[in-house]
Amino acid sequence: MKFNRLRLVGFKTFVEPTDLLIEPGLTGVVGPNGCGKSNLVEALRWVMGESSHKAFRANDMDDVIFSGTTGRPARNTAEVALQLDNAERTAPAGFNEHDVLEVVRRIDRGQGSHYRINGRDVRARDVNMLFADASTGARSPALVRQGQIGEIVGAKPAARRRILEEAA
Amino acid sequence: MKFNRLRLVGFKTFVEPTDLLIEPGLTGVVGPNGCGKSNLVEALRWVMGESSHKAFRANDMDDVIFSGTTGRPARNTAEVALQLDNAERTAPAGFNEHDVLEVVRRIDRGQGSHYRINGRDVRARDVNMLFADASTGARSPALVRQGQIGEIVGAKPAARRRILEEAA
Amino acid sequence: ARERLQASFTVVDGHFRKLFDTLFGGGEAQLVLTDAEDPLEAGLDIIAKPPGKKPQTLSLLSGGEQALTAMALIFAVFLTNPAPICVLDEVDAPLDDSNVERFCALMDEMTRLTDTRFLVITHNPISMAHMDRLFGVTMAERGVSRLVSVDLQGAERLREVS
Amino acid sequence: ARERLQASFTVVDGHFRKLFDTLFGGGEAQLVLTDAEDPLEAGLDIIAKPPGKKPQTLSLLSGGEQALTAMALIFAVFLTNPAPICVLDEVDAPLDDSNVERFCALMDEMTRLTDTRFLVITHNPISMAHMDRLFGVTMAERGVSRLVSVDLQGAERLREVS
Ligand SMILES: Nc1ncnc2c1ncn2[C@@H]1O[C@H](COP(=O)(O)OP(=O)(O)OP(=O)(O)O)[C@@H](O)[C@H]1O
Ligand SMILES: Nc1ncnc2c1ncn2[C@@H]1O[C@H](COP(=O)(O)OP(=O)(O)OP(=O)(O)O)[C@@H](O)[C@H]1O
Ligand SMILES: [Mg+2]
Ligand SMILES: [Mg+2]
């Protein structure tokens, strides 16, 4: 499974449709404080099925929907789509006859999230399992949040041990 | 009261006698990771009478004594001296007839710390009070440790309120 | 004790609002004292509105915005009772270039308003260039620190090599 | 469960020791699993000895040394089961120039050993220069993010202005 493209609309500060192409090797993301870099990272974890609003610096999952600025009104829906290459046919049965997989998560204010894979409605756990089978997912140890290194350093030994369990 | 000079010997990585002149305005301290910059800052808090070993990333106060390298043996004593300008005569009675005050703290392995002001033995609390009267001290909010900004941001509201009490 | 906390809160909040405006080049922020039966359980919250954005609690801001806001709080407390010495250990780490410039401008302002002497530990070349003088800590002999004077022009080409 | 933890511990520790040596240009480190009656209460400690220094527990190291050591742990876990995507959000913030170079060299090594695609959020010009491509996130309209392609030569002169 290879990650090809992340597409966002209405997710936090990415109110306008935005495409991030993910190519092989090292892709750098730069910009001033507060411009949206960590929001982009959160969109990736969100579409992979993270269910806790706390993972998004939010008090409620609706907080990931663009909440407006002094110049624009709030939106009522946010959608993130992740396009995956499945040429190696490693996807679970039912999704494995396609070269390309598109995982889409959409949230409607006050109504929770919906998930689709290649246009078909699925449950959050189907999305979680799709990524778990590919050694990744919203809780993958390879997704290092801003400040997480400091948390590991300051963590109690028992909390730090949990990192090992991600590897087990 | 003005801070003039910090002199260290045997304190953490500053095994050789070292003088830091503190002049008016902005003094920058630079160098690679692990070279001793934060150790220098800790020496200042230490001579101002900080009594908790936890404030020095240590399990015991003896840990601030140079513990040796692959090329040198450990020391058994550490001493830090802080020279203060007292031209404004703001020091407490008993220390107020001098233009210059020198506060010295020395620790001997296994025997704890000794304090002197202008050569005279004093108790830790005399040192604490000297600095408290000058709106400073080891716990001064103006001494910002590495990572402390992150702690303030992540702190529970009740813990954060304590910062205000430093101002009261 | 409660009145003293309220009084110092008001003074700190006044400084905090001005410092936030300076550090963010606009916007607004305020300190919020959350009441509780026991004054020891009162909490300090921060609501911040960077320029053009909506007001949010501190935890919803970006890493750099949070650091800058916390810095405004620290200096607000400092201004209520300026200490003769202020030491800042790598506080500029999460800031982008223009916010580092603002942080340096703020320190210049503090040196004008007070007699405080500043010790600023930094890896940032912009901060280094703003200092009145620089000391380098070196470890030519492993595990042993030595202090050297660094010429400010040299700092332009200073490469931190461990 | 206990055997599985012990087994994965041994594999991770093996990677961790090699990565520490790479990131520090020498020295030694090891992971320590502190035993407990209840395997859920077992703790993970780290003893690290940077080149020329004496072995110490993680909490006694400098800020940058701690970050580099934690990075070795993260990549050690990663190598036991490489993910197709790895995202690093400002992990280079506390590192000096030569440690940033080592971090970049490590990432190059990871791209040779695995098929993993990396997304690296950074403010550091050295890290930027090591990337295969750069995207800039801008806020020309306040509070609204847009993504733009940044030419790698332009990054040499890139000034982050908020
Ligand atoms: N639902 C939302 N609608 C609009 N804006 C939002 C929403 N959620 C968060 N924001 C804004 O997004 C900004 C944070 O963006 P982000 O954390 O991605 O910045 P960053 O580029 O990572 O910055 P830094 O370099 O400081 O880490 C904050 O200013 C916050 O107010
Ligand atoms: N008692 C001691 N004797 C010898 N070395 C010590 C002692 N205590 C700490 N050290 C060493 O001092 C080093 C830490 O120094 P310090 O924290 O001052 O670095 P720093 O310059 O602030 O680095 P950074 O930029 O990473 O924050 C560690 O490598 C540690 O092993
Ligand atoms: Mg960020
Ligand atoms: Mg340090």
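Naming: A, B, ... by sequence-line order, numbering from 1 per chain.
Both the backbone and the side chain of D/Gln66 come within contact range of chain A, with heavy atoms under 4.5 Å apart. For A/Phe131, no part lies under 4.5 angstrom from a heavy atom of chain D. Of the two parts of D/Ser145, the backbone and the side chain both hold a non-hydrogen atom closer than 4.5 Å to a non-hydrogen atom of chain A. Heavy atoms closer than 4.5 Å to chain A are found in the side chain of D/Leu73, but not in its backbone. For chain A, the nearby part of D/Leu33 is the side chain; its heavy atoms alone come within less than 4.5 Å. For D/Phe78, the part lying near chain A is the side chain, with the backbone staying farther off; criterion is any non-hydrogen pair under 4.5 Å.
Using a 4.0 Å cut-off between charged side-chain N and carboxylate O, A/Glu23 and D/Arg117 make no salt bridge.
In this structure, CD1 in D/Ile85 is found 12.0 Å from NZ in A/Lys2, a value given to the nearest 0.5 Å. With rounding to the nearest 0.5 angstrom, the CG atom of D/Asp89 is 10.5 Å from the CG atom of A/Leu143.
Under the 4.5 Å side-chain criterion, counting only non-hydrogen atoms from C-beta, A/Ile22 is not in contact with D/Phe118. With contacts defined as side-chain heavy-atom distances shorter than 4.5 Å, the pair A/Leu26/D/Asp108 qualifies. Residues A/Val30 and D/His123 have side chains not in contact (no heavy-atom distance under 4.5 Å, counting atoms from C-beta outward). Counting only heavy atoms from C-beta outward, the side chains of D/Leu147 and A/Leu40 approach each other to under 4.5 Å.
Residue with the most contacts toward chain D among A/Thr70, A/Asp19, A/Thr27: A/Thr27 (heavy-atom pairs, distance under 4.5 Å). Ranked by heavy-atom pairs under 4.5 Å with chain D, the first of A/Gly36, A/Gly150, A/Ser135 is A/Ser135.
Here the closest heavy-atom approach between residue A/Gly25 and residue D/Asp132 is recorded as CA-OD2, 3.4 Å.
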